[in-house]
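What follows is a set of notes on a single structure, which appears directly below.
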Amino acid sequence: MRDTAARRSRPARRARALGAALLVTAVVGGAAAAPAAAAGGSSVRLPVLPSKLAPDDPCTAGSTQRATAVPWEQAGLQLNRAWQVTAGEGVTVGVVDTGVSTSAPALKGRVTAGGDAGTDCVGHGTFVAGLVAAAAQDGVRFTGVAHRARVLAARGSDTKGTTSADRVAAGIQTAVAGGADVVTVSAALPGDSAALRSALALAAKKDVLVVAAAVPDLPDQPGSKDLPPRDFYPAASKGVLSVLDLDVQGKRPVGSFTTESADLAAPGDGVVGIGPAKDGHYIGSGASLAAGFVAGTAALVRSVHPELSAAATARLLRSSAYPADVPRLDPYAAVTAVLTRADSGGAGVRAETAGAPVRMPEDKAAGPIRRAMWPAAAGFGAIVAVVWLGLVIPRGRRLGWRPTRGGAPRAAESES
C-alpha cells in the first residue's frame with residue numbers, strides 16, 4: 001500500500017519539481033517567435049515551428065536562436081537517469097511526417113531517407129526526429145530521447161505538410177520496409193481507410209511498434225474550450241500506441257482536440273526542438289510532438305530489451321507510466337522495469353509490481369556447500385547427544401527416576 005500511495009503521489013511531486021526546476025518554457029501563439037524562459041529569469045525568443053505551410057509560403061528557414069538550458073520536458077522526463085541505462089543504440093525509428101532533413105546538424109550521419117523524404121520544407125518532421133534522436137551539441141543541453149538511435153525518414157504528407165490516408169499509409173509501409181523498429185506518425189486523420197489498415201497489418205507482421213498522435217495539433221484558431229472528444233486515425237486503430245500532449249503543468253492545452261481512447265500522455269506544449277537547417281532551435285506544440293517523445297522512449301526500451309515484441313514494448317510503456325487518467329510517460333521506469341517474463345512473442349510480459357516475487361539467480365556453489373555441511377551437522381548432533389547422556393541421566397538416577405513399562409517416566413516415592 002505504501003508503494004502504491006507513493007506512485008500515486010508522483011504526478012503531484014513531479015508537477016512541483018517541474019515548477020521549481022523549469023528551465024525552458026514557451027507559450028505558442030500567433031506571433032513569429034515565442035519566449036523561452038530560463039531558470040535565471042532571462043529568456044530567449046525562439047521561432048514557432050509550423051505544422052504545415054500554405055502553397056505560396058516559403059520553406060521554413062533554419063533558426064539562429066539557440067536554447068542553451070535544459071528544456072522543461074527533458075528535465076521533467078528525467079532523461080538523464082534513463083541514459084545511464086541506454087541511449088537507444090541499435091534501434092531505428094521511422095518518422096512519418098513532412099520528411100527529415102539529412103543536413104540537420106544534430107542528426108548528421110544518422111538519417112536514412114525513403115524516397116524524397118530526406119528534405120523537409122516545413123520542418124515539422126525534422127523537429128519530431130530531433131525529439132527522438134538529436135545528438136548533443138556544443139553549448140546546447142537539448143538532446144533527443146534516444147540520441148544514439150538511427151532515424152528512417154518517410155514522407156506522410158506533401159512537401160507543404162498536407163496529409164491524407166494514402167500518404168500516411170505509404171509512409172508507414174516505407175518505414176517498415178526500411179527496417180524501422182519503431183514508427184512515429186504525426187498525422188491524426190478524421191477517418192480510417194483500407195490503405196491504413198493494410199499498412200498497420202504489415203507493421204504488426206514485421207513486429208514494428210507504431211506510435212501515433214491521438215489528436216491533431218492545435219487548431220489554427222484555438223477555442224476557449226476543448227473540442228468534443230472523438231477518435232482519430234491511425235492512433236485509434238488496433239495495435240497502435242496512441243499519445244496525447246501535456247503542458248508544463250501536466251494538463252492538456254486549452255482549446256485542444258480531445259479523445260477518450262489515448263494510451264499515454266507526454267510533453268507536447270511549448271517544447272524545444274531542432275529545425276531543418278542550421279543549429280538553432282524552435283518552439284513547437286501538439287500531440288505529434290508528444291508521440292515523438294514516446295517513440296524515443298520505445299527505442300530506449302527496444303534497445304535495452306531487444307527480446308521484447310512490439311506489443312510487449314507497448315504494454316511495458318503503459319504499465320511503467322505514472323498513474324493518471326491518461327498514464328504519463330516515464331522513460332526511466334520503462335527502461336529499468338523488472339520483467340516477469342521476456343517473451344518476444346508479446347504474451348505475458350509486464351512490469352513487475354511491488355510485492356511480486358523476484359526470482360534470484362541460482363547459486364551453483366550452494367549444493368557442494370550443503371553436502372559438505374552434512375557431516376559437520378551429524379558430528380555436532382552426536383556431541384550434543386553425548387553431553388545430554390552424561391549430564392541428564394546421572395541426575396535422573398540421583399532423583400530416583402526410572403522408566404515405567406509404558407515408557408513414561410514416574411517419580412519414585414520418597415523414603416521416610
For side-chain contact (heavy atoms from CB on, under 4.5 Å), just list the numbers for L339 and L316, CA-CA rounded to whole Å, side-chain angles, deciding distance to a tenth of an Å, and then say yes or no. CA-CA 9 Å; L339 305 180; L316 177 56; 3.9 Å; yes

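No side-chain donor-acceptor contact under 3.5 Å links R150 to the backbone of E89. Between the D181 side chain and the T92 main chain, a donor and an acceptor come within less than 3.5 Å of each other. R148 contributes no side-chain N or O that, together with a main-chain N or O of A133, makes up a donor-acceptor pair within less than 3.5 Å. S237 places no side-chain N or O within donor-acceptor distance of the main-chain N or O of V240, the cut-off being under 3.5 Å. A donor-acceptor distance shorter than 3.5 angstrom exists from the side chain of Q74 to the backbone of R141, with no hydrogens or angles considered. Side-chain atoms of W72 never come within 3.5 Å of backbone atoms of P267 as a donor-acceptor pair (strictly under, hydrogens ignored). Looking at R155, its side chain never comes within 3.5 Å of a backbone N or O of V96 through a donor-acceptor pair. Between the H281 side chain and the V272 main chain, no donor and acceptor come within less than 3.5 Å of each other.
Looking only at side-chain heavy atoms (C-beta outward), W83 and T143 come within less than 4.5 Å of each other. Put simply, the side chain of T60 reaches to within 4.5 Å of the side chain of L53, judged on heavy atoms. Residues F142 and I274 have side chains in contact (heavy-atom distance under 4.5 Å, counting atoms from C-beta outward). At a threshold of 4.5 Å between non-hydrogen side-chain atoms, the residues V183 and V211 do not count as touching. Looking only at side-chain heavy atoms (C-beta outward), L200 and I172 come within less than 4.5 Å of each other. In this structure the side chain of L300 never reaches within 4.5 angstrom of the side chain of S303, judged on heavy atoms. In this structure the side chain of S51 never reaches within 4.5 angstrom of the side chain of V122, judged on heavy atoms. Between V271 and F293 there is a side-chain heavy-atom pair separated by less than 4.5 Å.
Here the straight-line distance linking atom CG of L107 with atom OG1 of T126 works out to 7.0 Å at 0.5 Å rounding. One finds the CG atom of L189 at 5.0 Å from the OG1 atom of T163 (value rounded to the nearest 0.5 Å). Rounding to the nearest 0.5 Å gives a distance of 10.0 Å between CG of L317 and CG of D330.
Between H305 and T313, the side chains place no donor N or O within less than 3.5 Å of an acceptor N or O (distance only, hydrogens not considered). One side chain, Q78 or R81, offers a donor N or O that lies under 3.5 Å from an acceptor on the other. One side chain, T98 or D120, offers a donor N or O that lies under 3.5 Å from an acceptor on the other.
The existence of a salt bridge linking R197 and D192 is confirmed by a sub-4.0 Å separation between a basic side-chain nitrogen and an acidic carboxylate oxygen. Under the 4.0 Å criterion applied to side-chain N and carboxylate O atoms, D247 and R252 are not assigned as salt-bridge partners.
Across every non-hydrogen atom of A169 and A199, the tightest pair is O-CB, 3.5 Å.
Annotation: Q137, atom CD; neighbour count of heavy atoms from other residues, nucleotides and ligands within 6.0 Å is above 12. D325 CG: 12 or fewer foreign heavy atoms inside a 6.0 Å radius. Remark: R318 CZ is packed, more than 12 non-hydrogen atoms of other residues, nucleotides or ligands lying under 6.0 Å away.
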